[in-house]
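Reviewing the structure listed below.
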Number of protein chains: 2
Amino acid sequence: MVQDSIRILQAQGYKATKPRKLVLEVLEQIEKPLSPYDIQGILRQRGKYLNHVTIYRILDLLCSFNLAHKVLSSGGFVKCSLDAVEGCHRFMVCQDCGAIQEFADKELCQEENDLARNLGFHTEHHLSEFSGLCSRCYEK
Amino acid sequence: MVQDSIRILQAQGYKATKPRKLVLEVLEQIEKPLSPYDIQGILRQRGKYLNHVTIYRILDLLCSFNLAHKVLSSGGFVKCSLDAVEGCHRFMVCQDCGAIQEFADKELCQEENDLARNLGFHTEHHLSEFSGLCSRCYEK
DNA sequence: GGCTAAATGCAACAATATTGCAATTAGCCT
DNA sequence: AGGCTAATTGCAATATTGTTGCATTTAGCC
Ligand SMILES: [Mn+2]
Ligand SMILES: [Mn+2]
Ligand SMILES: [Zn+2]
Ligand SMILES: [Zn+2]
């Protein structure tokens, strides 16, 4: 829910503004990675206008609290779909339909950290995006 | 060696041109992610000129044969440092000094594939970049 | 040394992202 | 409800990154 994210922002002292709700709504409804300009275009279709700078700033804020993420393999942003899980948030992206699924696995993080440690590296964060086929597209 | 990469390109029917050698030289000498414009600037300092479009095209070509990679967390390109390993190529990037280390681990790939499969996803490629501290920077 | 397909340069443009400052607004306090 | 003020947004200008079509040059071959 948009309201959940808004409440988290308010708890941190940020205001519950109309532009923030609009961006959250779009991210929640369209569950595919969207660029700031994509979001602007979708809102324009709905008769709403936001400056792209505003959208950038809102996305930055959301990402800083892990309420949204930038998917680097496509450059778009998605709303976080996980809630109080352990381990870094990862994505699986379907090459065919663009569907995206987020997941986390604490043990996989641990294995990666151990592997890196053996190479002399102390890991603080993982970027992890898989591309392939979702179950729907695989049945073809 | 630059010559190794050049020979691989030639084996595929691509020419051993001066611009390609120049870009490979820079990537090999400066072992940090470099944007196409970074590369152009470094070459300019050396009295060489390449159009940025040319650099983009050369990097695309190198990446298509895994002779270089784009590091998405920084947007820069690095020369591939692995040779005939199994498993996808991954990166560890030091937050302090920017040092980058490439590695691969077939078993980690397998575990990731299995994990995704359990979520109904058929993985074809992994994007995997760790950020943290290299051993040198960790000793502080 | 000339021939030709491949590669590069050039110019124009498109997409993405950032900055400083003026105008607006959400939350708060009467 | 109305005013106050810091936070937020809009605007304008600019920077950075990436792409396209076509003219020019060059590597590899004879
Ligand atoms: Mn998440
Ligand atoms: Mn590699
Ligand atoms: Zn799919
Ligand atoms: Zn370091």
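Because the structure is predicted, anything quoted here is derived from the model rather than measured. In what follows, chains carry the letters A, B, and so on, assigned in the order in which the sequence lines appear, proteins first and then strands, with residues in each chain numbered from 1.
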Given side chains that start at C-beta, do those of [X] and [Y] come closer than 4.5 Å, heavy atoms only?
X	Y	result
B/V23	B/T54	no
A/Q10	A/K15	no
A/V78	A/F91	yes
A/Q101	A/C134	no

Measure the distance from [atom1] on [X] to [atom2] on [N] and round it to the nearest whole Å.
X	N	atom1	atom2	value
B/L22	C/dG9	CG	C1'	15 Å
A/Y49	C/dT24	OH	C1'	14 Å
A/L59	C/dT18	CG	C1'	14 Å
A/I39	C/dA17	CD1	P	11 Å
B/R44	C/dG9	CZ	P	12 Å
A/D60	C/dT16	CG	P	16 Å

For [X], report the nucleic acid contact type (base, sugar-phosphate, nothing); a contact means any heavy atom under 4.0 Å.
X	result
B/K48	nothing
B/Y37	base
B/K21	nothing

Report the relative orientation of the aromatic rings in A/H122 and B/Y138; use parallel for angles under 30°, tilted for 30 to 60°, perpendicular for over 60°.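 A/H122 and B/Y138: parallel rings.
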Fit a plane to each ring of A/F65 and A/Y14, take the angle between them on a 0 to 90° scale, and name the class: parallel (under 30°), tilted (30 to 60°) or perpendicular (over 60°).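 Aromatic pair A/F65/A/Y14 classed perpendicular.
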Mind checking whether B/L27 and B/I42 sit in one hydrophobic cluster, side chains of I, L, V, M, F, W, Y counted as touching below 4.5 Å?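 Looking at the clustering, B/I42 is in the same group as B/L27.
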Could you pull out the protein-nucleic contacts involving nucleotides 5-8 of chain C (nitrogen or oxygen on both sides, under 3.5 Å)?
residue: C/dA6; atom: O4'; partner: B/K15; partner atom: NZ; Å: 3.4
residue: C/dA7; atom: OP1; partner: B/K15; partner atom: N; Å: 3.3
residue: C/dA7; atom: OP1; partner: B/R20; partner atom: NH1; Å: 3.1
residue: C/dA7; atom: OP1; partner: B/R20; partner atom: NH2; Å: 3.4
residue: C/dA7; atom: O5'; partner: B/R20; partner atom: NH2; Å: 3.3
residue: C/dT8; atom: OP1; partner: B/T17; partner atom: OG1; Å: 2.7

In residues 1-11 of chain A, what residues come within less than 4.0 Å of DNA chain C, judged by heavy atoms?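 A/Q10, in order of number.
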Any Lys/Arg nitrogen of B/R90 or A/E129 sitting under 4.0 Å from an Asp/Glu carboxylate oxygen of the other?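 A/E129 and B/R90: not salt-bridged.
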Can A/D4 and A/R7 be counted as an ion pair, charged N to O under 4.0 angstrom?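 The answer is yes: the pair qualifies as a salt bridge.
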Quantify the bending of the helix from C/dG1-D/dC30 to C/dT30-D/dA1 as the angle between its end axes, each fitted on five pairs, to 10°.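 Taking five pairs per end, the axes differ by 30°.
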Compute whether any side-chain donor of one residue and acceptor of the other, for A/Q95 and B/H125, lie under 3.5 angstrom apart.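 Result is no, nothing qualifies.
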Does the side chain of B/Q40 come under 3.5 Å of the side chain of B/H52 through a donor N or O and an acceptor N or O?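 No.
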Between D/dG28, D/dA12, C/dA12, which one does the side chain of A/V53 approach most closely?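 The listed nucleotide nearest to A/V53's side chain is D/dA12.
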Once hydrogens and angles are ignored, does a donor-acceptor distance under 3.5 Å link the base of D/dT19 to the side chain of B/H52?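 Donor-acceptor pair under 3.5 Å: yes.
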How far does CE of B/M92 sit from CZ of B/F130, to the nearest 0.5 angstrom?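 Rounded to the nearest 0.5 Å, the CE-CZ separation comes to 8.0 Å.
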D/dG18, OP1 or OP2 - any side-chain N/O from B/Y56 closer than 4.0 Å?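 It does, given that an N or O in the side chain of B/Y56 lies less than 4.0 Å from OP1 or OP2 of D/dG18.
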